Colleague: 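Before I ask anything, let me first share the structure, which is written out below as structure tokens.
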Amino acid sequence: MSEGQRFQLGTIGALSLSVVSSVSIVICNKALISSLGFTFATTLTSWHLLVTFCSLHVALWMKLFEHKPFDSRAVMGFGILNGISIGLLNLSLGFNSVGFYQMTKLAIIPCTVLLETIFFRKKFSRNIQLSLVILLVGVGIATVTDLQLNVLGSVLSLLAVITTCVAQIMTNTIQKKFKVSSTQLLYQSCPYQAITLFVIGPFLDGLLTNLNVFAFKYTPQVLFFIVLSCMISVSVNFSTFLVIGKTSPVTYQVLGHLKTCLVLAFGYVLLRDPFSWRNILGILVAVVGMVFYSYYCTVETQQKASEAATQLPQVMESEADPLITGDKGTGIMSDGAVDPVWASNKDLHA
């Protein structure tokens, strides 16, 4: 099996793990929050991250992965930013209608595309842009109902979108810049995320629910679902970093909307949630957008790979013939300009 095939297989595995674990934890948390009345979402997330860190620490002790320390300030900033983005998303849901919150989540994709275009000069083809538009329209039809606006809720939503986009872009860039795996990054950033949410969680949950998480009556059934949710969260957190590292923040958001459609479908089948023709139409349109996005991403990746393969012999030939490069294939012209062959090859692997 070639390296490209192994990478594609690993990517498919990461995407599948992310979908299965995320849908599972949504169903588990829905039972915990809706049926058992445990509405402390931010505090629960801090417990998720704490259990994830402990699980990774055990895996490190068993030598299942290698600890690779790197820039501590980058890790701390990244972890705290991730924790803040989670808190802001929960506040956005608390101070806005469900419909406006769904619009907030939909805004993450165009915001991510805009930030990557401006700061990383990443180019998205028209086919990719069109497929994203179809996807967002479909998810919007399926999930957005009422749109009630208020100033505080709008500001919180804007901050939530920006911090979420930046955090997910950082997840991708940190892994590539410092050459760390998703497991290594998650292990080092988890404590900062957990501490951030553990500190602000009870306050935010009290603000949103007017209840005290420490005064809640923890029955055996509630404890069972909390433990189950924490166990599933290990897979959710791991697969999130894995997917963003192997693909891109935009692809992760596309995957997130697929999960939304699956949650709607499972909610109808398993929990008998209300389901209308509008939901069905929206899901179908969203699936069409996802299929187009996946197809065009695959085609463009293959085109880049073939271009790199055709340029490699040219590079090797220029290295072998000093008359072409002017200085034994260093890739630098006599006037100090960068050889176009090297420049284009660098762009392909950036």
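These numbers come from the heavy atoms of this one structure, side chains and all, not from hydrogens, waters or symmetry mates. These numbers come from a predicted model, not from an experiment.
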Colleague: Testing the 3.5 Å rule here: is there a donor-acceptor pair between the side chains of Q253 and T112?
Modeller: no

Colleague: In the structure I gave you, are the side-chain heavy atoms of S233 and I25 within less than 4.5 Å of one another anywhere?
Modeller: yes

Colleague: Any side-chain to backbone donor/acceptor pair from S16 onto I12? Under 3.5 Å, distance only.
Modeller: yes

Colleague: Quick check: closest heavy atoms across E66 and L60, and the distance to 0.1 Å?
Modeller: C-CD1, 4.3 Å

Colleague: Apply side chain to side chain contact (heavy atoms under 4.5 Å, CB included) to L211 and D205, showing your working.
Modeller: CA-CA 7 Å; L211 297 173; D205 291 332; over 6 Å; no

Colleague: Take Q184 and S181 through the test side chain to side chain contact (heavy atoms under 4.5 Å, CB included) and record every step on the way to the result.
Modeller: CA-CA 5 Å; Q184 291 167 332; S181 67; 3.3 Å; yes

Colleague: Between CG of L15 and OG1 of T251, what distance do you get to the nearest 0.5 Å?
Modeller: 8.0 Å

Colleague: Is the closest side-chain heavy-atom distance between K105 and T164 below 4.5 Å?
Modeller: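 No. Closest side-chain heavy atoms not under 4.5 Å.
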
Colleague: Begin with the C-alpha distance, continue with both residues' side-chain angles, and end with the deciding distance and a verdict on side chain to side chain contact (heavy atoms under 4.5 Å, CB included) for I174 and F78.
Modeller: CA-CA 9 Å; I174 286 177; F78 169 71; 3.9 Å; yes

Colleague: Contact between K122 and T117 at the side-chain level, heavy atoms closer than 4.5 Å - yes or no?
Modeller: no

Colleague: Applying side chain to side chain contact (heavy atoms under 4.5 Å, CB included) to T173 and F120, what does each step give before you reach the verdict?
Modeller: CA-CA 10 Å; T173 54; F120 296 91; 3.6 Å; yes

Colleague: At what distance, to the nearest 0.5 angstrom, does CE of M231 lie from CD1 of I226?
Modeller: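 Spacing of CE (M231) from CD1 (I226) equals 14.0 Å.
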
Colleague: When you compare the side chains of Q193 and S189, does any donor N or O come within less than 3.5 Å of an acceptor on the partner?
Modeller: yes

Colleague: According to a 4.5 Å side-chain heavy-atom criterion applied to Ile, Leu, Val, Met, Phe, Trp and Tyr, with indirect links allowed, do L93 and I200 form part of one hydrophobic cluster?
Modeller: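 Each belongs to a different hydrophobic cluster.
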
Colleague: If you take all heavy atoms of I128 and F124, which pair is closest and at what distance?
Modeller: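 The pair with the smallest heavy-atom distance is CG2-CD2, 4.1 Å.
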
Colleague: Short question: side chain of S239, backbone of V236 - any donor-acceptor pair under 3.5 Å?
Modeller: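 Side chain of S239 to backbone of V236, a donor-acceptor pair under 3.5 Å: yes, one is there.
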
Colleague: Check the side chains of N96 and S157 for a donor-acceptor pair under 3.5 angstrom, ignoring hydrogens and angles.
Modeller: yes

Colleague: Indicate yes or no for a side-chain donor-acceptor contact from N172 to the backbone of I244 under 3.5 Å, with no hydrogens or angles considered.
Modeller: yes

Colleague: With sequence neighbours left out, write down each residue that passes salt bridge (Lys or Arg N to Asp or Glu O under 4.0 Å) with K68, or none if nothing qualifies.
Modeller: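 Result, salt bridge (Lys or Arg N to Asp or Glu O under 4.0 Å) vs K68: none returned.
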
Colleague: Check the hydrophobic clustering (I, L, V, M, F, W, Y; side-chain heavy atoms under 4.5 Å; chains of links allowed) and say if L197 and L186 are grouped together.
Modeller: yes

Colleague: Please lay out, stage by stage, how S131 and Y295 fare under the test side-chain hydrogen bond (donor to acceptor under 3.5 Å, both in side chains).
Modeller: CA-CA 10 Å; S131 61; Y295 172 75; over 6 Å; no

Colleague: Find out if a path of hydrophobic residues (ILVMFWY) with successive side-chain heavy-atom gaps under 4.5 Å connects V250 to V139.
Modeller: yes

Colleague: So how far is it from S182 OG to F241 CZ, rounded to the nearest 0.5 Å?
Modeller: 8.5 Å

Colleague: From F203 CZ over to T42 OG1, what is the distance, rounded to the nearest 0.5 angstrom?
Modeller: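 Going from the CZ atom of F203 to the OG1 atom of T42 covers 11.0 Å.
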
Colleague: Is any side-chain heavy atom of F70 closer than 4.5 Å to one of Q188?
Modeller: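 In contact.
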
Colleague: Treating Ile, Leu, Val, Met, Phe, Trp and Tyr as nodes and any side-chain heavy-atom pair under 4.5 angstrom as an edge, say whether L135 and V19 lie in one connected cluster.
Modeller: yes

Colleague: Would you say that L223 contacts T219 through its side chain, given a criterion of any heavy-atom pair below 4.5 Å between the two side chains?
Modeller: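 Side chain of L223 against side chain of T219, heavy atoms only: no contact under 4.5 Å found.
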
Colleague: Return yes when atom CD of Q221 has more than 12 non-hydrogen atoms of other residues, nucleotides or ligands closer than 6.0 Å, and no otherwise.
Modeller: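 Not more than 12 within 6.0 Å, no.
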
Colleague: Taking atom CG of L81 and atom CD of Q168, what is their separation to the nearest 0.5 Å?
Modeller: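 Separation between the atoms: 10.5 Å.
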
Colleague: Mind telling me whether Y187 and F65 have parallel, tilted or perpendicular rings, with 30° and 60° as the class edges?
Modeller: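 Ring orientation, 0 to 90° scale: perpendicular.
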
Colleague: Can you see which heavy atom on T163 is nearest to which on A160, and at what distance?
Modeller: OG1-O, 3.2 Å

Colleague: Considering all heavy atoms of both residues, which atom of A167 and which atom of N82 are nearest to each other, and what is their separation?
Modeller: CB-OD1, 3.5 Å

Colleague: Side chains of H257 and L136, heavy atoms from C-beta outward: is any pair under 4.5 Å?
Modeller: yes

Colleague: Looking at every heavy atom in both L106 and G140, which two are closest together, and how far apart are they?
Modeller: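 What the structure gives for the nearest pair is CD1-CA, 3.7 Å.
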
Colleague: For the CD1 atom of I232 and the OG atom of S24, what is their distance to the nearest 0.5 Å?
Modeller: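 Here the interatomic distance stands at 5.5 Å.
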
Colleague: With a 4.5 Å cut-off on side-chain heavy atoms, are L44 and L32 touching?
Modeller: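 Yes, side chains in contact.
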
Colleague: If you define the side chain from C-beta out and look only at heavy atoms, does anything of F38 sit under 4.5 Å from Y218?
Modeller: yes

Colleague: Do T52 and S55 have side-chain atoms, one donor and one acceptor, less than 3.5 Å apart?
Modeller: no

Colleague: Below 30° counts as parallel, above 60° as perpendicular, anything between as tilted: where do the rings of F40 and F216 land?
Modeller: perpendicular

Colleague: Taking all non-hydrogen atoms of both residues, which atom of P249 and which atom of I169 are closest, and how far apart?
Modeller: CG-CA, 3.7 Å

Colleague: Determine, using the 4.5 Å side-chain heavy-atom cutoff (strictly less than), whether Y101 and L88 are members of one ILVMFWY cluster.
Modeller: no

Colleague: If you count heavy atoms of other groups shown closer than 6.0 angstrom to NE2 of H57, is the number above 12?
Modeller: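 Open.
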
